Amino acid sequence: MKIQKIKGFTDLFPDEAAKFTFLEARAREVFFRYGFGELRTPLLEHTELFAKSIGEDTDVVGKEMFTFPDRKGRLLTLRPEATAGVMRAFIEGGDWQPGQVRKYCTFGPMFRYERPQKGRQRQFHQINAEILGAHEPQADAELILMLCAFLQDVGLTRLSVELNSLGCRECRPLFRKALSDFFAGLDQTGLCEDCRRRVETNPLRVLDCKVPACRELTRDAPTLGAHICGCCREHFDTVKSLLDAAKVAYTLNPRLVRGLDYYQRTAFEITSGEIGAQTAVAGGGRYDGLVQSLGGPDVPGVGFACGMERLALLLAQCPQYRPDFYLAVLDGRAVDQALLLAQGLRGHGLSGEVSYAAGSMKSQLRRANKSGARLALIIGSEEYDKGLVLVKDMEGAGDQRAVSRERLLSMTAVSGAEGLLVAALPERSEE
RNA sequence: GUGAGUGUAGCUCAGUUGGUAGAGUCCCAGAUUGUGGCUCUGGUUGCCGUGGGUUCAAGUCCCAUCACUCACCCCA
């Protein structure tokens, strides 16, 4: 029987993988401008880390984790998100002193045992950023601005930013109570099956339901705005005014709720209507208190996660790098020499492939064409005997001329790939 | 976990009321003795997802199973 990949796990062949490396490279570049350093944490953690940080009652912890015992019976879990691991690492070895701010970004695979669909795999990849030690709303704003800068940098427009405040430890319980009271006085038979359950488990989620009937029924539900405390309001107002001043458009969505328990105050999401039913491209918010709840110091934090598969769906194409040459061999005597010539050219910073076996001019040029190389370098019997290489421009009319191997190497030594182009110009023919 | 849809050539897909499998593309060769792309000509490729059933006969009908896709739930 043929062995096949595990459901929800995918192979990324070069064309697709290129999008991921491109996204990661751009993110690193942009984030570093904001003073972020990369933090690489393990894929595997003790299960209780996620249970404690994400929340025992969340779907992620309740039914979506890849959890299994190790050889000594200890429960381990493949990380379903990055923040928990970053917090653990920060507490363990972060070398943090009160008053300091730490900024970490992290990249890599996450694992959730869900049914795969468009924009959702069991192994998926996230770009993460966290700011630790800053309680100021300026940190929230800068983080959102950085995320937007990154998305713009990779050429993604037509995204919307949604913003909300979830309140803090002080005011959220009051709001939750008000919501519960509202539902208690409501004819719940009109709600969808899921929402009737949510009323009990997590009333905030009912506000996030997509079913029109539910939206209608909850239209007059209390909003956080009426219950938010003064501190939270001031914090939120500063975030909004900074975004306004930076000319970042956003939509206030009082129904935006985050799926992980640790979020409070600022919550945001970047969405797209072009990637199927899963519209969230990135999401994040503030999580003051998380570090402390994991046994660390009382350090505030803000962060976001960005789904790379979903970005890749939106990324029509990323910059393609074309090779400089394809070294074609027409005479079996020349294959070894060709390989060494290619090696020399690469030593001068050029990129390109060399044929391992001799072939007809037609088939060799076909390969050169397919490789996308700007220039074909051809060694046939004639060239081999004279120590020459035919340099052919694969664009336009296909200008070509023969130069010696030594000259080719010296030209590329001085001017790199430009040297090859110059060598192909017919008007400066050597002979 | 729930629902719907789809499995036929490397890829995208046709395949009639059941009658022994097709197109496009890709790849290879030639037209053009050592010149790619465009055009034309020729050529290769199939456990019709798997297992059972009905039938003289199944790619086609029935059952099961596996895989994939989309959606729900939930999330990035």
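Keep in mind it's a predicted model, so treat the numbers as computed, not measured. Numbered from 1 within each chain, the chains take letters A, B, ... in sequence-line order.
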**Request:** List in numerical order all residues of residues 12-25 of chain A for which some heavy atom is under 4.0 Å away from an atom belonging to RNA chain B.
**Result:**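 Under 4.0 Å from RNA chain B: no residue of residues 12-25 of chain A.
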**Message:** Taking the six-membered ring of A:Y113 as reference, does the cationic atom of A:R122 (NZ for Lys, CZ for Arg) lie under 6.0 Å from its centre and within 45° of its axis?
**Reply:**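 Yes, a cation-pi geometry holds between A:R122 and A:Y113.
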**Request:** Inspect the contact between A:K386 and A:E383 and indicate whether a charged nitrogen and a carboxylate oxygen are less than 4.0 angstrom apart.
**Result:**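 Salt bridge absent between A:E383 and A:K386.
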**Prompt:** Is the closest basic N to carboxylate O distance between A:R40 and A:E38 below 4.0 Å?
**Reply:**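 Yes, this pair counts.
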**Prompt:** Which letter, B, S or -, goes with each nucleotide of nucleotides 34-42 of chain B from 5' to 3', with contact meaning a protein heavy atom under 4.0 Å?
**Reply:** BBBB-----
**Complete:** Applying the Watson-Crick and G-U criteria (both distances under 3.5 angstrom) with [ ] for crossing and | for other-strand pairs, one obtains for RNA chain B (((((((..((((.....[..)))).(((((.......))))).....(((((..]....))))))))))))....
**Asked** Is there side-chain contact between A:M394 and A:L375, with heavy atoms separated by less than 4.5 Å?
**Response**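 The answer is no; the side chains never approach within 4.5 Å.
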[N] to [M] separation - [atom1] atoms, rounded to the nearest Å:
N      : M      : atom1 : result
B:rU41 : B:rU65 : C1'   : 47 Å
B:rG18 : B:rC62 : P     : 11 Å
B:rG22 : B:rC28 : P     : 25 Å
B:rC70 : B:rU32 : P     : 49 Å
B:rU45 : B:rC61 : P     : 28 Å

**Prompt:** So what does A:A368 touch, heavy atoms closer than 4.0 Å: a base, only the sugar-phosphate, or nothing?
**Reply:**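 If one applies the 4.0 Å heavy-atom cut-off, A:A368 turns out to touch nothing in the nucleic acid.
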**Asked** Just checking, is any N or O donor in the side chain of A:S160 or A:T251 under 3.5 Å from an acceptor N or O on the other one?
**Response**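 There is no such pair between these side chains.
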**Message:** Whether the A:Q152 and A:T157 side chains hold a donor-acceptor pair (N or O, under 3.5 Å, no angle test) is what I'd like checked.
**Reply:**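 Not at all, the side chains of A:Q152 and A:T157 share no donor-acceptor pair under 3.5 Å.
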**Message:** Starting the side chain at C-beta, find the nucleotide from B:rC75, B:rG3, B:rC74 nearest to A:D59.
**Reply:**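 Of B:rC75, B:rG3, B:rC74, B:rC74 is nearest to the side chain of A:D59.
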**Asked** Under 4.0 Å between a side-chain N or O of A:Q117 and OP1 or OP2 of B:rA71?
**Response**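 Yes.
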